[in-house]
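Owing to the predicted nature of the structure, the values given are computational and were not obtained by experimental measurement. A, B, ... follow the sequence lines: proteins, then strands. Residue 1 opens every chain.
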Amino acid sequence: MSIGEALAAFNASYPDAGGTASFVGKVRSDNDVKALELTHYEPLTLPGMEELAQAASEKFGLAGVLAWHRVGVMTPGQPIVLVAAAAAHRREAFDAVDFLMDHLKSASWFWKRERRGDGWHWIEPRDQDRRDLARWK
Amino acid sequence: MSIGEALAAFNASYPDAGGTASFVGKVRSDNDVKALELTHYEPLTLPGMEELAQAASEKFGLAGVLAWHRVGVMTPGQPIVLVAAAAAHRREAFDAVDFLMDHLKSASWFWKRERRGDGWHWIEPRDQDRRDLARWK
Amino acid sequence: MSVRILFLGPLRDLAGQDDMQVEGTLDWDRLLQTVSPLVAAQLREERVNIACKGRVLADKTALLAEDGDEVALLPPVSGG
Amino acid sequence: MSVRILFLGPLRDLAGQDDMQVEGTLDWDRLLQTVSPLVAAQLREERVNIACKGRVLADKTALLAEDGDEVALLPPVSGG
(Lines give C-alpha, C1' and ligand atoms only; values in the text may rest on other atoms or scores of the structure.)
Protein backbone atom coordinates (compact mmCIF):
# COMPACT_ATOMS: atom_id res chain seq x y z
CA MET A 1 0.00 0.00 0.00
CA SER A 2 1.45 3.39 -1.01
CA ILE A 3 1.44 6.45 1.22
CA GLY A 4 -1.24 8.09 -0.92
CA GLU A 5 -3.42 4.97 -0.66
CA ALA A 6 -2.83 4.72 3.08
CA LEU A 7 -3.82 8.34 3.65
CA ALA A 8 -6.88 8.01 1.41
CA ALA A 9 -7.97 4.87 3.29
CA PHE A 10 -7.29 6.53 6.65
CA ASN A 11 -9.34 9.58 5.68
CA ALA A 12 -12.19 7.41 4.47
CA SER A 13 -12.16 5.49 7.77
CA TYR A 14 -13.04 8.58 9.82
CA PRO A 15 -15.65 10.50 7.81
CA ASP A 16 -17.07 12.11 10.97
CA ALA A 17 -13.76 13.59 12.14
CA GLY A 18 -13.42 17.26 11.23
CA GLY A 19 -9.90 16.89 9.97
CA THR A 20 -6.88 14.71 9.38
CA ALA A 21 -3.33 15.94 9.79
CA SER A 22 -0.43 13.87 8.52
CA PHE A 23 3.31 13.85 8.08
CA VAL A 24 5.57 11.88 5.75
CA GLY A 25 9.28 11.86 6.55
CA LYS A 26 11.74 11.01 3.78
CA VAL A 27 15.44 10.36 3.39
CA ARG A 28 17.14 13.65 2.58
CA SER A 29 20.10 13.83 0.25
CA ASP A 30 22.00 16.62 2.01
CA ASN A 31 25.35 15.96 3.73
CA ASP A 32 26.20 13.70 0.80
CA VAL A 33 23.87 10.98 2.11
CA LYS A 34 23.78 7.95 -0.19
CA ALA A 35 21.58 5.71 1.95
CA LEU A 36 19.93 5.45 5.34
CA GLU A 37 19.52 2.29 7.39
CA LEU A 38 16.94 1.96 10.13
CA THR A 39 17.05 -1.00 12.50
CA HIS A 40 14.68 -1.95 15.30
CA TYR A 41 14.17 -4.52 18.04
CA GLU A 42 10.76 -5.90 17.33
CA PRO A 43 9.88 -7.15 20.85
CA LEU A 44 10.15 -3.53 22.02
CA THR A 45 9.59 -1.47 18.88
CA LEU A 46 6.14 -2.64 17.87
CA PRO A 47 4.56 -2.62 21.37
CA GLY A 48 6.22 0.77 21.91
CA MET A 49 4.59 2.18 18.78
CA GLU A 50 1.23 0.75 19.80
CA GLU A 51 1.54 2.39 23.22
CA LEU A 52 2.58 5.66 21.59
CA ALA A 53 -0.44 5.63 19.27
CA GLN A 54 -2.71 4.85 22.21
CA ALA A 55 -1.16 7.67 24.27
CA ALA A 56 -1.67 10.15 21.41
CA SER A 57 -5.24 9.00 20.94
CA GLU A 58 -6.07 9.59 24.61
CA LYS A 59 -4.08 12.80 25.03
CA PHE A 60 -5.66 14.52 22.02
CA GLY A 61 -9.06 12.81 21.91
CA LEU A 62 -8.48 11.39 18.44
CA ALA A 63 -11.03 9.64 16.27
CA GLY A 64 -8.19 7.66 14.69
CA VAL A 65 -4.42 7.45 14.52
CA LEU A 66 -1.93 5.92 12.07
CA ALA A 67 1.78 5.37 12.68
CA TRP A 68 4.01 3.61 10.13
CA HIS A 69 7.77 3.33 10.34
CA ARG A 70 9.98 1.47 7.89
CA VAL A 71 13.12 -0.47 8.72
CA GLY A 72 15.91 -1.52 6.38
CA VAL A 73 18.02 0.41 3.89
CA MET A 74 16.44 3.36 2.09
CA THR A 75 17.79 5.82 -0.46
CA PRO A 76 17.22 9.61 -0.72
CA GLY A 77 13.64 10.53 -1.58
CA GLN A 78 12.19 7.32 -0.14
CA PRO A 79 9.71 7.55 2.74
CA ILE A 80 10.76 6.48 6.24
CA VAL A 81 7.78 7.35 8.36
CA LEU A 82 4.08 8.19 7.97
CA VAL A 83 1.83 9.40 10.77
CA ALA A 84 -1.75 10.65 10.61
CA ALA A 85 -4.30 11.76 13.19
CA ALA A 86 -8.04 12.34 12.75
CA ALA A 87 -9.79 14.65 15.21
CA ALA A 88 -12.81 16.92 15.55
CA HIS A 89 -10.73 20.09 15.20
CA ARG A 90 -7.45 20.81 13.45
CA ARG A 91 -5.50 21.83 16.59
CA GLU A 92 -5.79 18.37 18.16
CA ALA A 93 -4.89 16.69 14.85
CA PHE A 94 -1.81 18.92 14.37
CA ASP A 95 -0.63 18.46 17.94
CA ALA A 96 -1.07 14.70 17.77
CA VAL A 97 1.06 14.43 14.62
CA ASP A 98 3.68 16.67 16.23
CA PHE A 99 3.65 14.52 19.39
CA LEU A 100 3.91 11.27 17.41
CA MET A 101 6.81 12.51 15.30
CA ASP A 102 8.74 13.86 18.28
CA HIS A 103 8.45 10.49 19.99
CA LEU A 104 9.28 8.45 16.88
CA LYS A 105 12.35 10.63 16.28
CA SER A 106 13.92 10.36 19.70
CA ALA A 107 11.94 8.10 22.01
CA SER A 108 11.11 4.96 20.03
CA TRP A 109 13.19 1.84 19.55
CA PHE A 110 14.89 2.63 16.25
CA TRP A 111 18.53 3.11 15.38
CA LYS A 112 19.54 5.08 12.34
CA ARG A 113 22.76 5.32 10.40
CA GLU A 114 23.55 6.97 7.12
CA ARG A 115 26.05 6.12 4.44
CA ARG A 116 28.02 9.06 3.09
CA GLY A 117 30.96 9.09 0.71
CA ASP A 118 33.24 8.02 3.57
CA GLY A 119 31.11 5.18 4.93
CA TRP A 120 28.41 4.61 7.54
CA HIS A 121 27.71 7.05 10.40
CA TRP A 122 25.33 6.47 13.30
CA ILE A 123 22.85 9.30 13.83
CA GLU A 124 21.68 10.50 17.22
CA PRO A 125 18.76 12.89 17.78
CA ARG A 126 19.68 16.56 17.31
CA ASP A 127 19.43 18.93 20.29
CA GLN A 128 16.35 20.33 18.56
CA ASP A 129 14.77 16.86 18.56
CA ARG A 130 15.43 16.56 22.31
CA ARG A 131 13.93 19.97 22.99
CA ASP A 132 10.90 19.07 20.86
CA LEU A 133 10.39 15.89 22.87
CA ALA A 134 10.77 17.72 26.19
CA ARG A 135 7.76 19.91 25.35
CA TRP A 136 5.40 17.02 26.07
CA LYS A 137 6.71 16.22 29.55
CA MET B 1 -8.02 13.93 -8.63
CA SER B 2 -8.70 12.53 -5.15
CA ILE B 3 -7.04 13.77 -1.98
CA GLY B 4 -4.94 10.61 -1.76
CA GLU B 5 -3.79 11.04 -5.36
CA ALA B 6 -3.06 14.73 -4.80
CA LEU B 7 -0.95 14.01 -1.72
CA ALA B 8 0.88 11.17 -3.48
CA ALA B 9 1.63 13.44 -6.45
CA PHE B 10 2.69 16.27 -4.16
CA ASN B 11 5.04 13.99 -2.23
CA ALA B 12 6.53 12.65 -5.43
CA SER B 13 7.13 16.21 -6.66
CA TYR B 14 9.52 17.04 -3.82
CA PRO B 15 11.68 13.93 -3.32
CA ASP B 16 14.51 16.00 -1.83
CA ALA B 17 12.41 17.62 0.91
CA GLY B 18 12.82 15.89 4.26
CA GLY B 19 9.13 15.83 4.98
CA THR B 20 5.61 16.71 3.95
CA ALA B 21 2.94 17.78 6.41
CA SER B 22 -0.68 17.97 5.33
CA PHE B 23 -4.17 18.64 6.58
CA VAL B 24 -7.57 17.65 5.21
CA GLY B 25 -10.61 19.45 6.62
CA LYS B 26 -14.01 17.83 6.27
CA VAL B 27 -17.65 18.71 6.93
CA ARG B 28 -18.52 17.57 10.43
CA SER B 29 -21.94 16.24 11.28
CA ASP B 30 -22.22 17.63 14.80
CA ASN B 31 -24.76 20.36 15.65
CA ASP B 32 -27.22 18.54 13.42
CA VAL B 33 -25.44 19.80 10.28
CA LYS B 34 -27.04 18.47 7.09
CA ALA B 35 -24.93 20.39 4.58
CA LEU B 36 -22.32 23.12 4.29
CA GLU B 37 -22.11 25.73 1.54
CA LEU B 38 -18.93 27.61 0.77
CA THR B 39 -19.02 30.60 -1.56
CA HIS B 40 -16.16 32.75 -2.81
CA TYR B 41 -15.47 35.82 -4.94
CA GLU B 42 -13.06 34.55 -7.53
CA PRO B 43 -11.38 37.89 -8.44
CA LEU B 44 -10.17 38.08 -4.83
CA THR B 45 -10.23 34.48 -3.62
CA LEU B 46 -7.85 32.87 -6.08
CA PRO B 47 -5.19 35.64 -6.05
CA GLY B 48 -5.52 35.71 -2.26
CA MET B 49 -4.79 31.98 -2.03
CA GLU B 50 -1.83 32.35 -4.37
CA GLU B 51 -0.42 35.16 -2.21
CA LEU B 52 -1.02 33.07 0.91
CA ALA B 53 0.84 30.08 -0.57
CA GLN B 54 3.70 32.36 -1.62
CA ALA B 55 3.84 33.93 1.86
CA ALA B 56 3.97 30.50 3.50
CA SER B 57 6.65 29.36 1.10
CA GLU B 58 8.87 32.34 1.94
CA LYS B 59 8.16 32.43 5.67
CA PHE B 60 8.98 28.76 6.23
CA GLY B 61 11.48 28.15 3.42
CA LEU B 62 9.31 25.49 1.78
CA ALA B 63 10.32 23.25 -1.09
CA GLY B 64 6.67 23.13 -2.17
CA VAL B 65 3.20 24.10 -1.04
CA LEU B 66 -0.32 22.94 -1.96
CA ALA B 67 -3.57 24.72 -1.05
CA TRP B 68 -6.95 23.46 -2.28
CA HIS B 69 -10.31 24.81 -1.17
CA ARG B 70 -13.68 23.68 -2.50
CA VAL B 71 -16.72 25.87 -3.06
CA GLY B 72 -20.34 24.78 -3.41
CA VAL B 73 -22.57 22.58 -1.28
CA MET B 74 -20.95 19.68 0.62
CA THR B 75 -22.37 17.06 2.97
CA PRO B 76 -20.92 15.64 6.21
CA GLY B 77 -17.78 13.59 5.65
CA GLN B 78 -16.86 15.35 2.41
CA PRO B 79 -13.57 17.24 2.19
CA ILE B 80 -13.55 21.05 2.14
CA VAL B 81 -9.88 21.91 2.22
CA LEU B 82 -6.49 20.27 1.64
CA VAL B 83 -3.16 21.89 2.38
CA ALA B 84 0.33 20.40 2.23
CA ALA B 85 3.83 21.74 2.76
CA ALA B 86 7.17 20.13 1.89
CA ALA B 87 10.25 21.29 3.78
CA ALA B 88 13.71 20.14 4.84
CA HIS B 89 12.62 19.53 8.46
CA ARG B 90 9.30 18.66 10.01
CA ARG B 91 8.97 21.82 12.14
CA GLU B 92 8.79 24.11 9.11
CA ALA B 93 6.35 21.79 7.35
CA PHE B 94 4.06 21.62 10.41
CA ASP B 95 4.15 25.36 10.98
CA ALA B 96 3.41 26.09 7.33
CA VAL B 97 0.31 23.87 7.34
CA ASP B 98 -0.80 25.49 10.59
CA PHE B 99 -0.26 28.98 9.10
CA LEU B 100 -2.11 28.10 5.89
CA MET B 101 -5.11 26.64 7.73
CA ASP B 102 -5.39 29.58 10.13
CA HIS B 103 -5.48 31.97 7.18
CA LEU B 104 -7.88 29.90 5.11
CA LYS B 105 -10.21 29.64 8.12
CA SER B 106 -10.48 33.31 8.96
CA ALA B 107 -8.51 35.48 6.53
CA SER B 108 -9.36 34.24 3.03
CA TRP B 109 -12.26 35.23 0.81
CA PHE B 110 -14.72 32.48 1.63
CA TRP B 111 -18.15 32.58 3.20
CA LYS B 112 -19.58 29.54 4.91
CA ARG B 113 -23.09 28.63 5.95
CA GLU B 114 -24.50 25.37 7.26
CA ARG B 115 -27.92 23.85 6.93
CA ARG B 116 -29.34 22.39 10.13
CA GLY B 117 -32.80 21.05 10.83
CA ASP B 118 -34.11 24.62 11.09
CA GLY B 119 -32.51 26.02 7.93
CA TRP B 120 -29.33 27.79 6.86
CA HIS B 121 -27.00 29.57 9.32
CA TRP B 122 -24.00 31.73 8.39
CA ILE B 123 -20.82 30.75 10.22
CA GLU B 124 -18.23 33.22 11.42
CA PRO B 125 -14.77 32.25 12.70
CA ARG B 126 -14.70 31.11 16.33
CA ASP B 127 -12.74 33.14 18.87
CA GLN B 128 -10.23 30.30 18.83
CA ASP B 129 -9.80 30.77 15.07
CA ARG B 130 -9.12 34.49 15.58
CA ARG B 131 -6.59 33.77 18.33
CA ASP B 132 -4.91 31.19 16.10
CA LEU B 133 -4.63 33.73 13.30
CA ALA B 134 -3.27 36.43 15.64
CA ARG B 135 -0.27 34.21 16.48
CA TRP B 136 1.28 34.97 13.08
CA LYS B 137 1.14 38.77 13.36
CA MET C 1 -22.57 49.34 -19.35
CA SER C 2 -23.20 50.10 -15.72
CA VAL C 3 -21.68 49.51 -12.30
CA ARG C 4 -22.44 46.03 -10.97
CA ILE C 5 -22.78 45.71 -7.20
CA LEU C 6 -22.25 42.20 -5.83
CA PHE C 7 -23.56 41.04 -2.46
CA LEU C 8 -21.32 38.32 -1.02
CA GLY C 9 -22.02 35.82 1.75
CA PRO C 10 -24.62 36.91 4.32
CA LEU C 11 -25.04 40.29 2.58
CA ARG C 12 -26.72 38.41 -0.26
CA ASP C 13 -29.41 37.22 2.16
CA LEU C 14 -29.75 40.69 3.63
CA ALA C 15 -30.04 42.29 0.17
CA GLY C 16 -32.38 39.59 -1.09
CA GLN C 17 -30.42 39.46 -4.34
CA ASP C 18 -27.05 38.38 -5.76
CA ASP C 19 -26.28 41.66 -7.46
CA MET C 20 -27.70 44.92 -8.80
CA GLN C 21 -26.74 47.34 -11.57
CA VAL C 22 -26.53 51.11 -11.32
CA GLU C 23 -25.72 53.63 -14.04
CA GLY C 24 -22.85 56.10 -13.84
CA THR C 25 -20.38 56.96 -11.16
CA LEU C 26 -20.84 55.20 -7.82
CA ASP C 27 -19.20 56.70 -4.76
CA TRP C 28 -19.55 55.83 -1.06
CA ASP C 29 -22.51 58.14 -0.39
CA ARG C 30 -24.43 57.00 -3.45
CA LEU C 31 -23.70 53.35 -2.56
CA LEU C 32 -25.21 53.81 0.91
CA GLN C 33 -28.32 55.37 -0.67
CA THR C 34 -28.57 52.69 -3.37
CA VAL C 35 -28.55 49.60 -1.15
CA SER C 36 -31.20 48.82 1.46
CA PRO C 37 -30.86 50.45 4.90
CA LEU C 38 -29.99 47.06 6.42
CA VAL C 39 -27.14 46.56 3.97
CA ALA C 40 -26.03 50.20 4.39
CA ALA C 41 -25.80 49.67 8.15
CA GLN C 42 -23.55 46.65 7.55
CA LEU C 43 -21.36 48.59 5.13
CA ARG C 44 -20.70 51.21 7.81
CA GLU C 45 -19.23 48.53 10.08
CA GLU C 46 -15.47 48.32 10.06
CA ARG C 47 -15.43 44.55 9.53
CA VAL C 48 -17.21 44.85 6.17
CA ASN C 49 -14.93 45.54 3.20
CA ILE C 50 -15.50 46.75 -0.33
CA ALA C 51 -13.61 45.72 -3.46
CA CYS C 52 -13.66 47.62 -6.72
CA LYS C 53 -12.30 46.10 -9.95
CA GLY C 54 -10.93 43.11 -8.03
CA ARG C 55 -9.05 45.13 -5.41
CA VAL C 56 -10.02 45.57 -1.77
CA LEU C 57 -10.19 49.28 -0.89
CA ALA C 58 -7.94 50.37 1.98
CA ASP C 59 -10.47 53.19 2.57
CA LYS C 60 -13.92 52.10 1.45
CA THR C 61 -15.32 55.62 1.73
CA ALA C 62 -12.96 56.52 -1.16
CA LEU C 63 -14.97 54.25 -3.50
CA LEU C 64 -15.27 55.63 -7.01
CA ALA C 65 -16.66 53.16 -9.52
CA GLU C 66 -17.38 53.95 -13.17
CA ASP C 67 -19.62 52.23 -15.72
CA GLY C 68 -18.23 48.75 -16.38
CA ASP C 69 -16.70 48.37 -12.94
CA GLU C 70 -17.64 45.61 -10.48
CA VAL C 71 -18.08 46.55 -6.82
CA ALA C 72 -18.11 43.65 -4.34
CA LEU C 73 -19.48 44.06 -0.82
CA LEU C 74 -17.49 41.75 1.46
CA PRO C 75 -18.77 40.73 4.91
CA PRO C 76 -16.52 38.91 7.43
CA VAL C 77 -15.08 35.74 5.96
CA SER C 78 -15.13 32.12 7.14
CA GLY C 79 -13.48 29.29 5.27
CA GLY C 80 -11.94 25.86 5.81
CA MET D 1 19.31 -23.36 25.62
CA SER D 2 21.38 -20.39 26.69
CA VAL D 3 21.06 -16.67 27.23
CA ARG D 4 21.20 -14.72 23.98
CA ILE D 5 22.74 -11.25 24.16
CA LEU D 6 21.75 -8.91 21.32
CA PHE D 7 23.77 -5.87 20.33
CA LEU D 8 21.50 -3.19 18.86
CA GLY D 9 22.38 -0.17 16.73
CA PRO D 10 25.91 1.20 17.23
CA LEU D 11 26.65 -1.45 19.91
CA ARG D 12 26.59 -4.02 17.12
CA ASP D 13 29.52 -2.23 15.44
CA LEU D 14 31.33 -1.88 18.75
CA ALA D 15 30.83 -5.58 19.56
CA GLY D 16 31.69 -6.68 16.05
CA GLN D 17 28.76 -9.11 16.12
CA ASP D 18 24.95 -9.16 16.11
CA ASP D 19 24.61 -11.41 19.15
CA MET D 20 26.34 -13.90 21.41
CA GLN D 21 25.21 -16.83 23.54
CA VAL D 22 26.19 -17.55 27.14
CA GLU D 23 25.25 -20.52 29.30
CA GLY D 24 23.47 -20.18 32.62
CA THR D 25 22.45 -17.25 34.74
CA LEU D 26 23.52 -13.83 33.50
CA ASP D 27 23.55 -10.95 35.94
CA TRP D 28 24.92 -7.41 35.60
CA ASP D 29 28.46 -8.24 36.77
CA ARG D 30 28.75 -11.28 34.55
CA LEU D 31 27.38 -9.29 31.59
CA LEU D 32 30.10 -6.64 32.04
CA GLN D 33 32.76 -9.38 32.11
CA THR D 34 31.25 -11.20 29.12
CA VAL D 35 31.15 -8.35 26.64
CA SER D 36 34.21 -6.48 25.38
CA PRO D 37 35.57 -3.62 27.55
CA LEU D 38 34.37 -1.08 24.97
CA VAL D 39 30.80 -2.40 25.14
CA ALA D 40 31.00 -2.69 28.94
CA ALA D 41 31.99 1.00 29.14
CA GLN D 42 28.91 1.87 27.08
CA LEU D 43 26.65 -0.27 29.27
CA ARG D 44 27.76 1.70 32.33
CA GLU D 45 26.47 4.91 30.74
CA GLU D 46 23.05 6.00 31.89
CA ARG D 47 21.75 6.53 28.36
CA VAL D 48 22.24 2.85 27.47
CA ASN D 49 19.37 0.56 28.44
CA ILE D 50 18.97 -3.18 28.79
CA ALA D 51 15.90 -5.25 28.04
CA CYS D 52 15.32 -8.78 29.27
CA LYS D 53 12.55 -10.97 27.85
CA GLY D 54 11.13 -8.03 25.88
CA ARG D 55 10.97 -5.62 28.84
CA VAL D 56 13.24 -2.66 29.47
CA LEU D 57 14.76 -2.87 32.94
CA ALA D 58 14.10 0.11 35.20
CA ASP D 59 17.35 -0.79 37.00
CA LYS D 60 19.72 -2.51 34.58
CA THR D 61 22.06 -3.58 37.36
CA ALA D 62 19.21 -5.83 38.56
CA LEU D 63 19.54 -7.94 35.38
CA LEU D 64 18.96 -11.64 36.00
CA ALA D 65 18.61 -13.70 32.83
CA GLU D 66 18.20 -17.46 32.73
CA ASP D 67 18.80 -19.96 29.94
CA GLY D 68 16.32 -19.25 27.12
CA ASP D 69 16.06 -15.55 27.86
CA GLU D 70 16.95 -12.83 25.39
CA VAL D 71 18.94 -9.83 26.67
CA ALA D 72 18.99 -6.77 24.39
CA LEU D 73 21.58 -4.02 24.82
CA LEU D 74 19.95 -0.75 23.78
CA PRO D 75 22.00 2.35 22.93
CA PRO D 76 20.36 5.77 22.45
CA VAL D 77 17.65 5.66 19.80
CA SER D 78 17.09 7.70 16.67
CA GLY D 79 14.17 7.19 14.35
CA GLY D 80 12.03 9.04 11.83
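Taking non-hydrogen atoms and a 4.5 Å limit, the residue list of residues 50-65 of chain D in contact with chain A, ordered by number, reads D/Ala51, D/Gly54, D/Arg55, D/Val56.
The backbone N or O of A/Asp129 sits nowhere less than 3.5 Å from a side-chain atom of A/Lys105 that would complete a donor-acceptor pair. Panel note: side chain A/Asp98, backbone A/Asp95; no donor-acceptor pair is recorded below 3.5 Å. A donor-acceptor pair under 3.5 Å links the side-chain atoms of A/Thr45 to the main chain of A/Tyr41, judged by distance alone. In terms of modelled atom types and a separation under 3.5 Å, the side chain of A/Glu5 and the main chain of A/Ser2 share a donor-acceptor contact. The closest donor-acceptor contact from the side chain of A/Arg113 to the backbone of A/Leu38 lies at 3.5 Å or more, if one exists at all. Judged by distance alone, the side chain of D/Ser78 and the main-chain N or O of A/Ile123 form a donor-acceptor pair under 3.5 Å.
With hydrogens and angles left out, the side-chain atoms of A/Glu58 and A/Gln54 include a donor and acceptor closer than 3.5 Å. For the residue pair D/Gln33 / D/Asp29, no side-chain donor-acceptor distance below 3.5 Å is found, with atom types taken as modelled.
Looking at D/Leu74, the atoms closer than 4.5 Å to chain A (heavy atoms on both sides) sit in the backbone and in the side chain alike. Using a 4.5 Å cut-off between heavy atoms, A/Trp122 touches chain D through its side chain atoms alone. The contact between A/Glu37 and chain D is made entirely by side chain atoms (from C-beta outward), counting heavy-atom distances below 4.5 Å.
Among A/Lys26, A/Glu124, A/His103, the residue with the largest count of heavy-atom pairs under 4.5 Å with chain D is A/Glu124.
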